[in-house]
Amino acid sequence: MNKDLEQFERRIIVTGGAGFIGSNLLLLLVPKYPDYLLVNVDCLTYAANLSNLRPIENHPNYVFEHVNICDRSGLKECFDKYAVDAVIHLAAESHVDRSILGPADFIDTNIMGTFNLLELARARMEQKASFRFHHISTDEVFGSLGETGYFTEETPYRPSSPYSASKAAGDHLVGSYHKTYGLNTVTTNCSNNYGPYQFPEKLIPLIIRNAREGLPLPVYGDGKNIRDWLYVEDHCRALDLVFHEGTAGKTYNIGGSNEIENVVLVRRICRLMDERLGGGKREELIEFVKDRPGHDRRYAIDASLIQRELGWKPQHSFDAGLKATVAWYLDNEDWLDNCISGKYLKYYEEMYSNR
Ligand code: NAD
Ligand code: TYD
């Protein structure tokens, strides 16, 4: 290994580091761990934005590699070039509605891309038997809950959408590499995140953007579907803990204990925007539209394992997190406007015009 690399205690590939959670994670890890080299591997899909990483782009322990995880030989070059000893795997196609419009990219990235990373990690075990592989996943793999109950680490997988099915396949592959090859894996299944840098196809930034423009606020079905929301910074602190201290072979559920019906959430966002911007009642813009096919009714996480074992708990209340999120998008209108390209408008038209 060359001297420049030897100075780093660890050399870690973070896939999907230019996306929503990846950016927030790198903004936490790069300054916190100057002795780690953090290699951001991202192919820059529509959901990526390298400008999120401006505050760290010149740090000596951060590098960006424009690589698609479906390209095994490109990935291998990266593993070799940096003598990588761990992967934190976030790269994914991540939006349920897009997976319904066209599942192919989800199968490629979320299944085949994960498989490529696992194969390269397995090969690196010859040099580094304790090669760490942290796979970031979602609570959506568990399917839908009724009115009561919570997802635990023991809940059987029942994915409903092509997105959640592709994530479930990735989770199973990771589990099998631990059982079969002894790869040092951890998997985390987290609830819905919200906060800065989320692409405005997801509910919260989409509602903020539309409310700002005076456009209809589309709420699927009867609006009573429930999600359990977690501020992205709390998720990233959990990832930091699990990566360092999680037990090999285990999975950990992460959630905010913030269950809220979609329509109630949308009204709250409207009120926060009315307070800040004035100009009338934005909740009058709400439109109930045709439901998403296979729409899961309720998600709720039992996060007691990570709380008990690793001492994690969320630090942001939902009230404070939502207020900060609305403020962030309104203070960063340029960021939001930069997402609204012709491609976004085409997607928006395709997704919402016939509902
Ligand atoms: P995102 O869509 O905002 O970002 C995904 C990133 O992955 C982008 O930068 C994109 O360019 C990159 N990427 C996609 N395909 C790639 C490929 N083939 N090769 C290299 N890079 C590729 O997603 P996110 O919301 O930040 O989610 C990150 C991870 O967390 C995903 O694995 C997702 O399943 C999981 N997750 C997300 C949430 C949530 O609420 N957003 C909740 C739980 C788990
Ligand atoms: P989303 O942010 O897409 O996350 P996920 O589907 O992964 O949970 O959606 C969150 C909830 O909001 C989900 O129940 C679907 C609903 N929703 C709407 O009602 N309207 C919208 O325009 C969008 C994008 C989502």
Side-chain angles (χ1 to χ4, degrees), residues 13-25 40-50 52-53 65-71 74-75 88-100 105-106 108-110 112-114 116-117 135-141 144 160-161 163-164 166-167 170-171 188-195 197-207 210 216-230 232 235-236 239 253-255 260-263 265-266 286-292 294-299 301 348 351-352 355:
I13 281 184
V14 177
T15 70
F20 163 48
I21 301 173
S23 295
N24 281 285
L25 183 65
N40 175 9
V41 166
D42 198 303
C43 73
L44 304 181
T45 68
Y46 74 93
N49 194 336
L50 275 180
N52 305 349
L53 299 161
E65 289 285 350
H66 189 191
V67 173
N68 192 318
I69 62 167
C70 298
D71 166 16
L75 260 188
I88 302 179
H89 176 33
L90 296 112
E93 287 294 335
S94 68
H95 189 41
V96 173
D97 291 322
R98 283 186 195 256
S99 81
I100 295 167
D105 289 346
F106 290 73
D108 290 344
T109 291
N110 301 358
M112 294 310 294
T114 301
N116 286 336
L117 287 161
H135 176 59
I136 283 72
S137 191
T138 164
D139 61 353
E140 305 198 19
V141 296
S144 188
S160 305
S161 68
Y163 163 65
S164 52
S166 67
K167 291 296 291 185
D171 293 13
T188 44
N189 296 88
C190 188
S191 62
N192 287 63
N193 282 218
Y194 68 102
Y197 307 119
Q198 188 167 33
F199 193 79
E201 63 191 351
K202 305 276 167 50
L203 181 68
I204 290 180
L206 185 135
I207 294 298
N210 282 18
L217 309 179
V219 173
Y220 298 167
D222 63 4
K224 290 184 190 297
N225 299 67
I226 290 175
R227 296 293 180 265
D228 170 3
W229 296 92
L230 180 68
V232 64
H235 184 196
C236 291
L239 296 178
N253 282 357
I254 306 171
I260 183 165
E261 283 182 1
N262 291 338
V263 67
L265 169 59
V266 171
I286 291 177
E287 272 184 19
F288 289 92
V289 299
K290 196 162 137 234
D291 210 352
R292 173 190 279 172
H295 194 178
D296 288 332
R297 192 63 172 172
R298 174 173 167 258
Y299 300 148
I301 284 269
Y348 194 83
M351 182 56 60
Y352 292 96
R355 290 187 112 121

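Numbering of ligands and ligand atoms starts at 1, following listing order.
With a 4.0 Å cut-off on non-hydrogen atoms, L44 touches ligand 1 through its backbone and not its side chain. Looking at K167 against ligand 1, only its side chain comes within 4.0 Å, counting heavy atoms. With a heavy-atom cut-off of 4.0 Å, Y197 does not touch ligand 1 at all. At a heavy-atom cutoff of 4.0 Å, ligand 1 is contacted by the backbone of V67 but not by its side chain. Heavy atoms from both the backbone and the side chain of L203 come within less than 4.0 Å of ligand 2. At a 4.0 Å heavy-atom cut-off, ligand 2 does not touch I207 at all. At a heavy-atom cutoff of 4.0 Å, ligand 2 is contacted by the side chain of R227 but not by its backbone.
In terms of polar-atom proximity, N262 is counted as a contact of ligand 2, with an N or O under 3.5 Å from an N or O of the ligand. Taking only nitrogen or oxygen atoms, main chain and side chain alike, Y352 reaches within less than 3.5 Å of ligand 2. Backbone and side-chain nitrogen or oxygen atoms of H295 are examined, and one is located within less than 3.5 angstrom of a nitrogen or oxygen of ligand 2. Polar contact check, P218 against ligand 2: a nitrogen or oxygen pair lies under 3.5 Å apart. The shortest N or O to N or O distance between E140 and ligand 2 is under 3.5 Å.
Between H295 and Y220, the shortest heavy-atom contact is CE1-CB, 3.9 Å. For F106 against H95, the heavy-atom pair with the smallest separation is CZ-O, 3.3 Å. Listed here is the closest heavy atom pair of C70 and D108: SG-O, 3.5 Å. V41 and I69 get closest at one heavy-atom pair: CG1-CG2, 4.3 Å. Annotation for L230 and S191: closest pair CB-OG, 3.9 Å, computed over non-hydrogen atoms. Smallest separation of non-hydrogen atoms from S99 and Y163: OG-N, 3.1 Å.
Ranked by closest heavy atom to atom 5 (C) of ligand 1, the top entry among A47, S23, A92 is A92. The closest non-hydrogen atom to atom 23 (C) of ligand 2, taken over F199, Y299, Y220, comes from Y220. The residue from R298, R355, M351, R292 that puts a heavy atom closest to atom 3 (O) of ligand 2 is R292. When the heavy-atom distances from atom 7 (O) of ligand 1 to A48, G17, G74, G16 are ranked, the shortest goes to G16. Closest heavy-atom approach to atom 15 (N) of ligand 1 within the set T114, N24, T109: this belongs to T109. With N40, D42, V41, I254 as candidates, the residue nearest to atom 8 (C) of ligand 1 on a non-hydrogen basis is D42. Evaluated by nearest non-hydrogen atom to atom 23 (O) of ligand 1, the leading choice among S94, S191, G170 is S94.
Using a 4.5 Å heavy-atom threshold, the side chains of R292 and M351 count as separate. Between L203 and N262 the shortest side-chain heavy-atom distance falls below 4.5 Å. F288 is listed as a side-chain neighbour of V263, based on a closest heavy-atom distance under 4.5 Å.
The shortest separation from a heavy atom of Y163 to ligand 2 is not under 4.0 Å, leaving the residue out of contact.
The contact set between ligand 1 and N68, taken as ligand atoms under 4.0 Å from a residue heavy atom, comprises 17 (C), 18 (N), 19 (N). Every atom of ligand 1 is numbered from 1 in the order shown, and the set under 4.0 Å from a heavy atom of Y163 is 33 (C), 34 (O). Taking every heavy atom of V219 and a limit of under 4.0 angstrom, the matching atoms of ligand 2 come to 19 (O). With ligand atoms numbered from 1 in the order given, ligand 2 contributes 6 (O), 7 (O) to contacts under 4.0 Å with heavy atoms of V96. For ligand 1, the atoms lying closer than 4.0 Å to a non-hydrogen atom of S137 are 43 (C), 44 (C). Taking every non-hydrogen atom of N192 and a distance limit under 4.0 Å, the qualifying atoms of ligand 1 come out as 40 (O). For ligand 2 and E201, the ligand atoms under 4.0 Å from any heavy atom of the residue are 24 (C).
Between R227 and D139, no side-chain nitrogen of the basic residue sits less than 4.0 Å from a carboxylate oxygen of the acidic one, so the salt-bridge criterion is not met.
Protein heavy atom in closest approach to atom 19 (N) of ligand 1: I69 N, 2.9 Å. The protein heavy-atom contact nearest to atom 36 (N) of ligand 1 is I21 CD1, 4.0 Å. Here the protein heavy atom with the shortest distance to atom 10 (C) of ligand 1 is T45 OG1, 3.2 Å. Of all protein heavy atoms, the one lying nearest to atom 28 (C) of ligand 1 is L90 O, 3.4 Å. In terms of protein heavy-atom proximity, atom 40 (O) of ligand 1 is closest to N193 N, 2.9 Å. Nearest protein heavy-atom contact of atom 4 (O) of ligand 2 is N192 ND2, 3.3 Å. Among all non-hydrogen protein atoms, the one lying nearest atom 16 (C) of ligand 1 is C43 SG, 3.5 Å. Protein heavy atom closest to atom 30 (O) of ligand 1, with residue, atom name and distance, is I136 CG2, 3.4 Å. Scanning the protein heavy atoms around atom 4 (O) of ligand 1, the nearest turns out to be G19 CA, 3.4 Å.
For Y194, the ring pair (Phe, Tyr, Trp, His ring centres under 6.0 Å) criterion is met by Y231, F318, not counting sequence neighbours.
Checking K202, Q198, K167 one by one against S94, the side-chain hydrogen bond (donor to acceptor under 3.5 Å, both in side chains) holds for a single residue, K202. Screening D171, N189, T15 for a side-chain hydrogen bond (donor to acceptor under 3.5 Å, both in side chains) involving H135 leaves a single residue, D171.
Of the inter-residue distances, the one linking L75 atom CG with L117 atom CG reads 5.0 Å to the nearest 0.5 angstrom.
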| said: What verdict does the side-chain contact (heavy atoms from CB on, under 4.5 Å) test give for N210 and L217, after you've listed the backbone C-alpha separation in whole Å, the side-chain angles of each residue and the deciding distance to 0.1 Å? | reply: CA-CA 6 Å; N210 282 18; L217 309 179; 3.6 Å; yes
| task | Applying side-chain hydrogen bond (donor to acceptor under 3.5 Å, both in side chains), run through E140 and Y299 and close with a yes or a no. | result | CA-CA 8 Å; E140 305 198 19; Y299 300 148; 3.3 Å; yes
